[in-house]
Chemist: 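Here it is, the structure in full.
For this chain, numbers begin at 1 and follow the sequence in order.
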Amino acid sequence: MKGKVIGDILVLKNHVDRPQELLNIPGVKRAVRLGRINGPKREPEVEIILGEGTETIHRENHCQYKLDVARIMWSKGNTTERKRMGQLVRPGETVVDMFAGIGYFTMPMAVHGNPEKIYAVEINPVAHGYLLENIKLNQVLDVVEPILGNCRDVAPRNMADRVLMGYIGNTDEYLDVAMDIIKDEGIIHYHESVPDKLKYIRPSDRIREAAKDFNVDILNQRVIKKYSPGVYHMVVDAQIFKN
């Protein structure tokens, strides 16, 4: 049986013959079966197979995430990267999270780091609504400023010490925006799904291409998880110098 526990909900991909037996799994009170993921907002098809309701609070790394598993994606494979971001942010930094979702990376940065401000931008109104709730749940109202809209249109410019691009899809199309967001010197954390043979080549090349005349220092390249057969979810930490 393949599944993941999100809050008190077990999320499965396959049919289960005896769903009541799932209650023997520690922490599980409800269960759902996940179907296809649809549309640019990555909305899952979900069938409830045990219990009622699909909203829960997931706890990870001393952070709380309220979400609805029928409407919001949660990747267990990103756990290490969420923890890492909480360790990387430096005191007094200004951070822009361009694809904040429900606060996947924003929350550990706000809870475990000591940034001056995190601007958390999210285009999906449902995810943005949970982002607002999670800011309150984690008591980081004074640190996180949520912004609803497309980061190309609404993200603040020329003021970030650190820019997070924690989304995989057409993320490379927003690298020019990240370059505008970063101030004279700063770090971009760029995520991309990449074929195996290109995983240590294409993401950094795309950053350098978007930087144009700016100087780029690739600080780190790492595999977050296997995304699909022959494809990996990568993150590249790149320091940008505009002068």
Chemist: Between Met159 and Arg157, is a side-chain contact (heavy atoms from CB on, under 4.5 Å) present by the stated rule, with each step listed?
Modeler: CA-CA 6 Å; Met159 49 84 73; Arg157 287 341 197 236; 5.9 Å; no
Chemist: Can you list the other members of the hydrophobic cluster that holds Leu198, where links are side-chain heavy atoms under 4.5 angstrom apart?
Modeler: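 Leu198 shares its hydrophobic cluster with Val194, Tyr200, Val223, Tyr232, Met234.
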Chemist: Quick one: do Val95 and Asp161 satisfy side-chain contact (heavy atoms from CB on, under 4.5 Å)? Show the steps, please.
Modeler: CA-CA 6 Å; Val95 180; Asp161 300 288; over 6 Å; no
Chemist: Determine which pairs satisfy side-chain hydrogen bond (donor to acceptor under 3.5 Å, both in side chains) with at least one residue from residues 87-106, sequence neighbours left out, and list them in order.
Modeler: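 Output for this query lists Glu93-Arg162, Asp97-Thr106.
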Chemist: For residues 17-32, pull every pair meeting salt bridge (Lys or Arg N to Asp or Glu O under 4.0 Å), keeping only residues two or more places apart or in separate chains.
Modeler: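 Those involving residues 17-32 are Asp8-Arg30, Arg18-Glu21.
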Chemist: Just how far is it from atom CG of Asn61 to atom CE of Met85, taken to the nearest 0.5 Å?
Modeler: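 So the CG of Asn61 and the CE of Met85 are separated by 12.5 Å.
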Chemist: Answer yes or no: is there a side-chain heavy-atom contact under 4.5 Å between Arg33 and Val46?
Modeler: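 No, their side chains stay 4.5 Å or more apart.
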Chemist: On the 0 to 90° scale, with breaks at 30° and 60°, tag the His62-His112 ring pair as parallel, tilted or perpendicular.
Modeler: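 His62 vs His112 ring planes: perpendicular.
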Chemist: Taking a hydrophobic cluster as the set of Ile, Leu, Val, Met, Phe, Trp and Tyr residues connected by side-chain heavy atoms closer than 4.5 Å, whether directly or through intermediates, do Ile201 and Val236 fall within one such cluster?
Modeler: no
Chemist: Is it possible for you to say whether Ile102 and Ile6 belong to one hydrophobic cluster, with membership spreading through side-chain heavy-atom contacts below 4.5 Å?
Modeler: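 In one cluster with Ile102: Ile6, yes.
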Chemist: Could you check Val89 against Ile118 for side-chain contact (heavy atoms from CB on, under 4.5 Å), going step by step and ending with a plain yes or no?
Modeler: CA-CA 10 Å; Val89 67; Ile118 300 175; 5.9 Å; no
Chemist: Out of curiosity, Leu50 CG to Leu10 CG, how far, rounded to the nearest 0.5 Å?
Modeler: 9.0 Å
Chemist: Given 3.5 Å as the limit, does a donor-acceptor pair link the side chain of Glu122 with the main chain of Gly101, or not?
Modeler: yes
Chemist: Same cluster or not: are Val121 and Leu175 linked, directly or through other Ile, Leu, Val, Met, Phe, Trp or Tyr residues, by side-chain heavy atoms under 4.5 angstrom apart?
Modeler: yes
Chemist: Measuring only between side-chain heavy atoms, which start at C-beta, is Met179 closer than 4.5 Å to Ile240?
Modeler: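 Yes, at least one pair of side-chain atoms sits under 4.5 Å.
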Chemist: Measure centre to centre between the rings of Phe105 and His191, then say whether the value is under 6.0 Å.
Modeler: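 Judged by ring-centre distance (under 6.0 Å), Phe105 and His191 do meet the cut-off.
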Chemist: Which heavy-atom pair separates Ile188 from Ala178 by the least distance, and what is that distance?
Modeler: CD1-CB, 3.8 Å
Chemist: Drop me the distance from Leu67's CG to Ile72's CD1, to the nearest 0.5 angstrom.
Modeler: 7.0 Å
Chemist: Is any NZ, NE, NH1 or NH2 atom of the basic residue among Asp205 and Arg208 found under 4.0 Å from an Asp or Glu carboxylate oxygen of the other?
Modeler: yes
Chemist: Return yes if some donor-acceptor pair links the side-chain N/O of Lys199 with the main-chain N/O of Arg222 below 3.5 Å, else return no.
Modeler: no
Chemist: Nearest heavy-atom pair of Cys151 and Val177: which atoms, and what distance?
Modeler: O-CG1, 3.9 Å
Chemist: Quick check: do Val154 and Tyr119 have side-chain heavy atoms less than 4.5 Å from each other?
Modeler: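 No; the side chains remain at least 4.5 Å from each other.
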Chemist: Side chains of Asn158 and Ile181: closer than 4.5 Å at any heavy-atom pair?
Modeler: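 A side-chain contact under 4.5 Å is absent here.
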Chemist: Hey, what do you get for CD1 (Ile135) to NZ (Lys66), rounding to the nearest 0.5 Å?
Modeler: 14.0 Å
Chemist: Are more than 12 heavy atoms from other residues, nucleotides or ligands located less than 6.0 Å from atom NZ of Lys225?
Modeler: yes
Chemist: Would a 4.5 Å heavy-atom cut-off, applied to side chains only, mark Pro203 and Glu192 as touching?
Modeler: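 Touching, per the 4.5 Å side-chain cut-off.
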Chemist: Give a yes or no on whether a salt bridge exists between Arg206 and Glu209, defined as a side-chain N under 4.0 angstrom from a carboxylate O.
Modeler: no
Chemist: For Pro146 and Leu131, which heavy atoms make the closest approach, and how far apart are they?
Modeler: CB-CD2, 3.9 Å
Chemist: Take Trp74 and Val69 through the test side-chain contact (heavy atoms from CB on, under 4.5 Å) and record every step on the way to the result.
Modeler: CA-CA 8 Å; Trp74 178 270; Val69 298; over 6 Å; no
Chemist: Return the set of residues passing side-chain hydrogen bond (donor to acceptor under 3.5 Å, both in side chains) with Tyr130 (not counting sequence neighbours), or none when no residue passes.
Modeler: Glu55
Chemist: Which heavy atom in Gly103 sits nearest to a heavy atom in Tyr65, and how many Å separate them?
Modeler: O-CE2, 3.4 Å
Chemist: With hydrophobic residues grouped by side-chain heavy-atom distances under 4.5 Å, do Tyr167 and Ile224 end up in a single group?
Modeler: no
Chemist: In the structure I gave you, are the side-chain heavy atoms of Val163 and His189 within less than 4.5 Å of one another anywhere?
Modeler: no
Chemist: Transitively linked via ILVMFWY side-chain contacts under 4.5 Å: Val5 with Leu23?
Modeler: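 Yes: a chain of side-chain contacts under 4.5 Å links Val5 to Leu23.
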Chemist: Please report the interatomic distance CG(Leu88) to CE(Met109), rounded to the nearest 0.5 Å.
Modeler: 9.5 Å
Chemist: Under a 4.0 Å N-O cut-off, is there an ion pair linking Arg152 with Asp176?
Modeler: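 Yes, this pair counts.
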Chemist: Kindly indicate whether the side chain of Leu137, heavy atoms from C-beta on, has any atom under 4.5 Å from the side chain of Ile57.
Modeler: yes
Chemist: Using a 4.5 Å cut-off on heavy atoms from C-beta on, say whether the side chain of Val143 contacts that of Pro115.
Modeler: yes
Chemist: Check side-chain hydrogen bond (donor to acceptor under 3.5 Å, both in side chains) between Lys117 and all other residues, then give those that pass, not counting sequence neighbours.
Modeler: none
Chemist: On a heavy-atom basis, which atom in Thr171 and which in Met165 lie closest, and how many Å separate them?
Modeler: O-CE, 3.5 Å
Chemist: Does Arg82 reach the main-chain N or O of Met107 with its side chain, forming a donor-acceptor pair under 3.5 Å?
Modeler: no
Chemist: Can you tell me how far CG of Leu148 sits from CD1 of Ile123, rounded to the nearest 0.5 angstrom?
Modeler: 8.5 Å
Chemist: Okay, side chain of Asn124, backbone of Val126: is any donor-acceptor separation there less than 3.5 Å?
Modeler: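 Checked: pair present.
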Chemist: Taking all atoms of both residues into account, what is the closest heavy-atom pair of Gly3 and Leu12, and its distance?
Modeler: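 Result for this residue pair: CA-CD2, 4.0 Å.
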Chemist: By the side-chain hydrogen bond (donor to acceptor under 3.5 Å, both in side chains) test, which pairs, at least two apart or in different chains, include something from residues 134-149?
Modeler: none
Chemist: Side chains of Asn170 and Glu173: is there a donor and an acceptor less than 3.5 Å apart?
Modeler: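 A pair is found: one side chain offers a donor N or O, the other an acceptor, under 3.5 Å apart.
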